[in-house]
Enquirer: 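There's a structure below that I have some questions on.
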Amino acid sequence: MSQLKIYNTLAREKQVFTPIEPGKVGMYVCGMTIYDYCHIGHARMMMAFDVIYRWLKVSGYQVTYVRNITDIEDKIIRRAVENGESIFQLTSRFEKYMDEDIAALGILPPDVVPHATAYVPQMLSIIAQLEQKGLAYKSDDGDVNFAVRNFPGYGKLSGKSLDDLRAGERVDVNTGKRDPLDFVLWKASKESEPDEVKWDSTWGSGRPGWHIECSAMSCATLGQHFDIHGGGADLQFPHHENEIAQSEGAFDHPMANYWVHNGFVRVVDEKTRVAEKMSKSLNNFFTIRDVLKLYDAEVIRFFILRGHYRSPLNYGTDNLDDAKAALTRLYTALSGIELGAEAIEVDWNEAHAIRFREAMDDDFNTPIAIAVLFDLVTELNKSKSVAHARQFKALAAVLGLLERAPQAFLQGGVDEGAMIEAAIVDAIARRSEAKKARNFAESDSIRAGLLAAGIVLEDKPDGTTNWRRA
């Protein structure tokens with residue numbers, strides 16, 4: 001196995017990755033709360049762990065990747081009631097949309113996709129253990145809460161001190177709690193809530209709190225102690241901090257060895273050029289579906305992978321346009337080279353592959369890995385070597401890139417008003433006839449007209465002409 005290093009949020013440093021069981025990895029990632037379309041921030045999170053999943057497998061590990069679905073939560077209930085539909089109708093519809101969107105981006109499906117509503121008995125079991133250990137109590141309003149101050153390790157992931165925390169920063173003040181820092185494990189049912197969100201329990205009818213869901217699902221699918229727990233940086237506190245408190249409080253040993261968090265997406269204001277955090281409250285978020293209407297899915301994937309997963313990612317049309325131009329350069333390098341029918345595999349002893357592996361082993365450094373691809377392209381453009389082309393394409397495939405035929409990308413388009421292929425081919429034929437007749441003014445006019453329509457022509461030495469979309 002390689003000397004992979006992962007930045008561990010818990011340790012606040014990069015550490016050599018050593019799995020609990022040699023050759024095997026258990027990875028749990030907090031997934032979607034499904035009541036609306038996924039946005040580009042969700043894409044960034046799922047892309048980060050898609051790359052981690054891919055690289056772990058390339059490195060020879062047998063990986064069990066678990067990414068959950070939260071299908072019971074306050075916002076879900078509220079939206080379903082507003083729509084006049086059942087919780088299941090709402091969540092199943094948006095889960096389908098999510099699967100469609102992330103598949104378009106080339107994000108591999110996890111090995112296990114647990115749904116919170118299927119694990120309520122496991123949640124109740126953990127809550128019972130916490131109560132027995134004096135870490136949970138039923139309040140006067142019927143909720144069951146976690147007693148934060150009774151868990152000595154609280155704050156170790158986020159670095160927050162209990163004395164520095166204020167109730168308004170974490171939770172709404174609730175008179176049923178013994179301490180404003182305590183958080184809910186089990187919510188007592190309200191008469192106004194649909195019957196489908198009510199479960200019987202020792203503490204009365206109710207439903208689970210958000211944090212207990214992941215403690216139960218990760219334990220049920222990977223065990224009480226597993227290798228990697230991941231999610232967006234926004235989940236570090238309080239969600240992941242609370243998961244640690246619940247799981248370690250119940251089981252008396254570490255929950256996960258490596259805690260991995262991807263960075264935020266920031267939106268660049270087109271007028272001021274200032275980047276600010278993407279959020280629904282600022283009304284500056286973009287759904288994956290909306291962005292896919294404007295850009296090829298692989299352009300979006302490439303755009304996200306050009307940034308290190310832990311760094312902020314600036315979303316803006318200029319950055320996406322630049323990603324499109326860069327990806328076009330990569331595909332153009334492969335254009336016209338016959339790679340052969342046999343399977344293409346990476347030669348890991350080759351110099352570029354060695355640098356690529358070093359980058360990926362250094363906390364999944366995709367920007368450096370992509371820089372290696374461009375270095376290889378420079379050589380490929382000079383040599384036109386089939387061996388270089390095969391190595392280049394195989395390395396790119398490790399990141400889920402360049403898996404189409406070059407012309408499929410170069411001639412593809414997502415704009416509804418894009419010029420259709422038949423019209424382009426006809427224009428190229430007319431230009432060829434004009435050139436043969438030495439009518440260069442007409443030839444240049446046709447080229448200029450195509451360029452204005454977003455079509456770039458590339459004349460080849462053999463007299464043929466290739467085209468691509470700008």
Enquirer: Measuring from atom CD1 of Ile228 to atom CZ of Phe226, what distance do you get when rounded to the nearest 0.5 angstrom?
Expert: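 Ile228 atom CD1 to Phe226 atom CZ measures 10.0 Å (nearest 0.5 Å).
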Enquirer: With a 4.5 Å cut-off on side-chain heavy atoms, are Val260 and Asn8 touching?
Expert: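 In short, these two side chains do not touch, never coming nearer than 4.5 Å.
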Enquirer: Please determine whether a side-chain nitrogen of the Lys or Arg among Asp296 and Arg404 lies less than 4.0 Å from a carboxylate oxygen of the Asp or Glu.
Expert: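 So Asp296 pairs with Arg404 through a salt bridge.
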Enquirer: Whether the His211 and His239 side chains hold a donor-acceptor pair (N or O, under 3.5 Å, no angle test) is what I'd like checked.
Expert: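 Note: His211 and His239 side chains meet the donor-acceptor criterion.
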Enquirer: So does Glu248 pair up with Lys156, basic N to acidic O under 4.0 Å?
Expert: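 Result for this pair is yes, salt bridge flagged.
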Enquirer: How many angstroms lie between CD in Gln236 and OG1 in Thr9, if you round to the nearest 0.5 Å?
Expert: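 So the gap between those two atoms works out to 5.5 Å.
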Enquirer: Assess the side chains of Asp71 and Tyr35: does a donor N or O sit below 3.5 Å from an acceptor N or O?
Expert: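 Asp71 vs Tyr35: no donor-acceptor pair found between side chains.
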Enquirer: So do the side chains of Trp186 and Ser201 get within less than 4.5 Å of each other, counting heavy atoms only?
Expert: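 Trp186 reaches Ser201 side chain to side chain.
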Enquirer: Quick one: OG1 on Thr91 to CE on Met32, what's the gap to the nearest 0.5 Å?
Expert: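 Rounded to the nearest 0.5 Å, the OG1-CE separation comes to 14.5 Å.
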Enquirer: May I ask you to test the Gln407-Leu334 pair for a side-chain heavy-atom distance under 4.5 Å?
Expert: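 No. Closest side-chain heavy atoms not under 4.5 Å.
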Enquirer: Check Glu345 with Arg390, please: is the shortest side-chain N to carboxylate O separation under 4.0 Å?
Expert: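 Salt bridge absent between Arg390 and Glu345.
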Enquirer: So which heavy atom on Met123 is nearest to which on Pro208, and how close?
Expert: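 In this case the closest contact between Met123 and Pro208 is SD-CB, 3.3 Å.
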Enquirer: CD of Glu191 to OG of Ser205: how many Å apart, nearest 0.5 Å?
Expert: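 If I round to the nearest 0.5 Å, the distance is 11.0 Å.
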Enquirer: Which value, rounded to the nearest 0.5 Å, describes the distance between Met255 atom CE and His240 atom NE2?
Expert: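 Rounded to the nearest 0.5 Å, the CE-NE2 separation comes to 8.0 Å.
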Enquirer: Around Glu342, counting heavy atoms of other residues, nucleotides and ligands shown, do more than 12 lie under 6.0 Å from its CD?
Expert: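 More than 12 heavy atoms, drawn from other residues, nucleotides or ligands, come within 6.0 Å of this atom.
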Enquirer: Which distance, rounded to the nearest 0.5 Å, do you find between the CG of Leu294 and the CG of Leu320?
Expert: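 It is 9.0 Å, given to the nearest 0.5 Å.
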Enquirer: Do the side-chain N and O atoms of Tyr119 and Asn68 include a donor-acceptor pair separated by under 3.5 angstrom?
Expert: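 No, no side-chain donor-acceptor contact under 3.5 Å.
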Enquirer: With a 6.0 Å cut-off on the ring centroids, do Phe94 and Tyr97 count as close?
Expert: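 Close enough - the centres of the two rings lie under 6.0 Å apart.
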Enquirer: Should Met360 and Thr366 be marked as a side chain to side chain contact (heavy atoms under 4.5 Å, CB included) after you check the CA-CA gap, both sets of side-chain angles, and the distance that decides it?
Expert: CA-CA 6 Å; Met360 293 301 291; Thr366 55; 4.1 Å; yes
Enquirer: Of all heavy-atom pairs between Val148 and Asp182, which one has the smallest distance, and what is that distance?
Expert: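 Heavy atoms of Val148 and Asp182 come nearest at N-OD1, 3.0 Å.
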Enquirer: Taking the ring centre of each residue, are Tyr61 and Phe17 less than 6.0 Å apart?
Expert: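 Judged by ring-centre distance (under 6.0 Å), Tyr61 and Phe17 do meet the cut-off.
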Enquirer: I'd like to know whether NZ of Lys5 has more than 12 heavy-atom contacts from other residues, nucleotides or ligands below 6.0 angstrom.
Expert: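 No, NZ of Lys5 has 12 or fewer neighbouring heavy atoms, counting only those of other groups under 6.0 Å.
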Enquirer: So, are Lys160 and Glu241 salt-bridged, with charged N and O less than 4.0 Å apart?
Expert: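 Looking at Lys160 and Glu241, the cut-off is not met.
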Enquirer: Check whether the side chains of Asp347 and Gln391 place a donor and an acceptor atom closer than 3.5 Å, and report yes or no.
Expert: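 No - no donor-acceptor pair under 3.5 Å links their side chains.
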Enquirer: Within the supplied structure, the quantity of interest is the number of heavy atoms (other residues, nucleotides, ligands) at a distance under 6.0 Å from Phe88 CZ; does it exceed 12?
Expert: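 At most 12 heavy atoms, drawn from other residues, nucleotides or ligands, come within 6.0 Å of this atom.
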Enquirer: Is any NZ, NE, NH1 or NH2 atom of the basic residue among Asp195 and Lys198 found under 4.0 Å from an Asp or Glu carboxylate oxygen of the other?
Expert: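 Judged by the 4.0 Å cut-off on N to carboxylate O distance, Asp195 and Lys198 do form a salt bridge.
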Enquirer: Decide yes or no for Leu4 and Val16: does some side-chain heavy atom of the first lie under 4.5 Å from some side-chain heavy atom of the second?
Expert: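 The answer is no; the side chains never approach within 4.5 Å.
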Enquirer: Got Ile212 and Phe146 here, is their nearest side-chain heavy-atom distance under 4.5 Å?
Expert: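 The answer is no; the side chains never approach within 4.5 Å.
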Enquirer: May I ask you to check if Arg67 and Phe49 form a cation-pi contact, with NZ or CZ under 6.0 angstrom from the six-membered ring centre and within 45° of the axis?
Expert: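 Not flagged: Arg67 not positioned over aromatic ring of Phe49.
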Enquirer: Could you go step by step and tell me if Asp363 and Lys14 meet the salt bridge (Lys or Arg N to Asp or Glu O under 4.0 Å) rule?
Expert: CA-CA 7 Å; Asp363 196 31; Lys14 278 191 270 192; 5.7 Å; no
Enquirer: In terms of side-chain heavy atoms, does Asn242 have a donor or acceptor partner in Trp210 at a distance below 3.5 Å?
Expert: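 Checked: Asn242/Trp210 side chains show no N/O donor-acceptor pair below 3.5 Å.
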Enquirer: Taking only distance into account, with no hydrogens and no angle test, what donor-acceptor pairs under 3.5 Å do side-chain atoms of residues 284-291 form with protein atoms, sequence neighbours excluded?
Expert:
unit_1	atom_1	unit_2	atom_2	d
Asn284	OD1	Ser279	N	2.8
Asn284	ND2	Lys277	O	3.2
Thr287	OG1	Asp290	N	3.0
Thr287	OG1	Asp290	OD2	3.1
Arg289	NE	Asp101	OD1	2.8
Arg289	NE	Asp101	OD2	3.4
Arg289	NH2	Glu100	OE1	2.3

Enquirer: Verify, without hydrogens or angle tests, whether Ser311 (side chain) and Gly307 (backbone) share a donor-acceptor contact under 3.5 angstrom.
Expert: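 No, because the side chain of Ser311 does not come within donor-acceptor range (under 3.5 Å) of the backbone of Gly307.
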Enquirer: Taking Asp252 first and then Lys133, would you say they form a salt bridge - that is, a charged N and a carboxylate O separated by under 4.0 Å?
Expert: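 Here Asp252 pairs with Lys133 in a salt bridge, since their nearest N and O are under 4.0 Å apart.
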Enquirer: Can a salt bridge be assigned to the pair Arg306 and Asp322 using a cut-off of 4.0 Å between side-chain N and carboxylate O?
Expert: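 Answer for the salt bridge query: yes.
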Enquirer: Does the salt bridge (Lys or Arg N to Asp or Glu O under 4.0 Å) test come out yes or no for Asp375 and Arg355, once each step is laid out?
Expert: CA-CA 11 Å; Asp375 288 344; Arg355 290 171 52 210; 2.7 Å; yes
Enquirer: Do Tyr309 and Val51 come close enough that some side-chain heavy atom pair is under 4.5 Å?
Expert: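 They are not in contact (no side-chain heavy atoms under 4.5 Å apart), so the answer is no.
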Enquirer: Ignoring hydrogens and angles, tell me if any N or O in the side chain of Glu350 forms a donor-acceptor pair with the backbone of Ala353 under 3.5 Å.
Expert: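 Flag set: sc Glu350 to bb Ala353 pair under 3.5 Å.
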Enquirer: Between Val25 and Leu56, what is the shortest heavy-atom contact and its length?
Expert: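 Result for this residue pair: CG1-CD1, 4.0 Å.
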Enquirer: Answer with yes or no whether the side chains of Glu298 and Tyr331 bring together a donor and an acceptor at under 3.5 Å.
Expert: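 Judged by distance alone, the side chains do pair up.
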Enquirer: More than 12 non-hydrogen atoms from neighbouring residues, nucleotides or ligands closer than 6.0 Å to NZ on Lys96, yes or no?
Expert: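 No, NZ of Lys96 has 12 or fewer neighbouring heavy atoms, counting only those of other groups under 6.0 Å.
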Enquirer: Can you give me the closest heavy-atom contact between Ile40 and Tyr315, atom names plus distance?
Expert: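 Scanning both residues completely, I find the closest heavy atoms to be CG1-CD1, 4.2 Å.
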Enquirer: Which is it for Arg301 and Asp50 under the salt bridge (Lys or Arg N to Asp or Glu O under 4.0 Å) test, yes or no, and what are the steps along the way?
Expert: CA-CA 11 Å; Arg301 182 179 183 88; Asp50 177 66; 2.7 Å; yes
Enquirer: Indicate whether the side chain of His229 and that of Asn257 have a donor and an acceptor atom separated by less than 3.5 Å.
Expert: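 Asn257 and His229 do not have a side-chain donor-acceptor pair below 3.5 Å.
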Enquirer: Answer yes or no: is there a side-chain heavy-atom contact under 4.5 Å between Ile368 and Phe356?
Expert: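 Result no, sub-4.5 Å side-chain heavy-atom pair not found.
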Enquirer: When you compare the side chain of Val113 with that of Pro110, does any pair of heavy atoms fall below 4.5 Å?
Expert: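 They are in contact (side-chain heavy atoms under 4.5 Å apart), so the answer is yes.
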Enquirer: I'd like to know whether Asp143 forms a salt bridge (Lys or Arg N to Asp or Glu O under 4.0 Å) with Lys138, so could you lay out the CA-CA distance, the side-chain angles of the two residues, the decisive distance to 0.1 Å, and finally the verdict.
Expert: CA-CA 6 Å; Asp143 289 352; Lys138 184 177 180 180; over 6 Å; no
Enquirer: Specify the closest pair of heavy atoms between Trp348 and Arg357, including all atoms of both residues, with the distance to one decimal.
Expert: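 In this case the closest contact between Trp348 and Arg357 is CD2-NH2, 3.5 Å.
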Enquirer: How close do Met46 and Cys38 get, counting heavy atoms only, and between which atoms?
Expert: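 Result for this residue pair: CE-SG, 4.4 Å.
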Enquirer: Say whether, by atom type as modelled, one donor and one acceptor occur between the side chain of Asn319 and the main chain of Phe303 under 3.5 angstrom.
Expert: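 Flag not set: sc Asn319 to bb Phe303 has no pair under 3.5 Å.
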Enquirer: Check whether Tyr137 forms a cation-pi arrangement with Arg178 (NZ or CZ under 6.0 Å from the six-membered ring centre, at most 45° off the ring normal).
Expert: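 Yes, a cation-pi geometry holds between Arg178 and Tyr137.
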Enquirer: Go through Trp199 and Ile72 one step at a time and tell me if the side chain to side chain contact (heavy atoms under 4.5 Å, CB included) criterion holds.
Expert: CA-CA 12 Å; Trp199 285 266; Ile72 178 64; 4.3 Å; yes
Enquirer: For Ser189 and Gly206, indicate whether the former's side chain and the latter's backbone hold a donor-acceptor pair under 3.5 Å.
Expert: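 Yes, because the side chain of Ser189 sits within donor-acceptor range (under 3.5 Å) of the backbone of Gly206.
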Enquirer: Could you go through the side chain to side chain donor-acceptor pair (under 3.5 Å) check for Asp111 and Tyr53 one step at a time?
Expert: CA-CA 10 Å; Asp111 300 296; Tyr53 181 40; 2.8 Å; yes
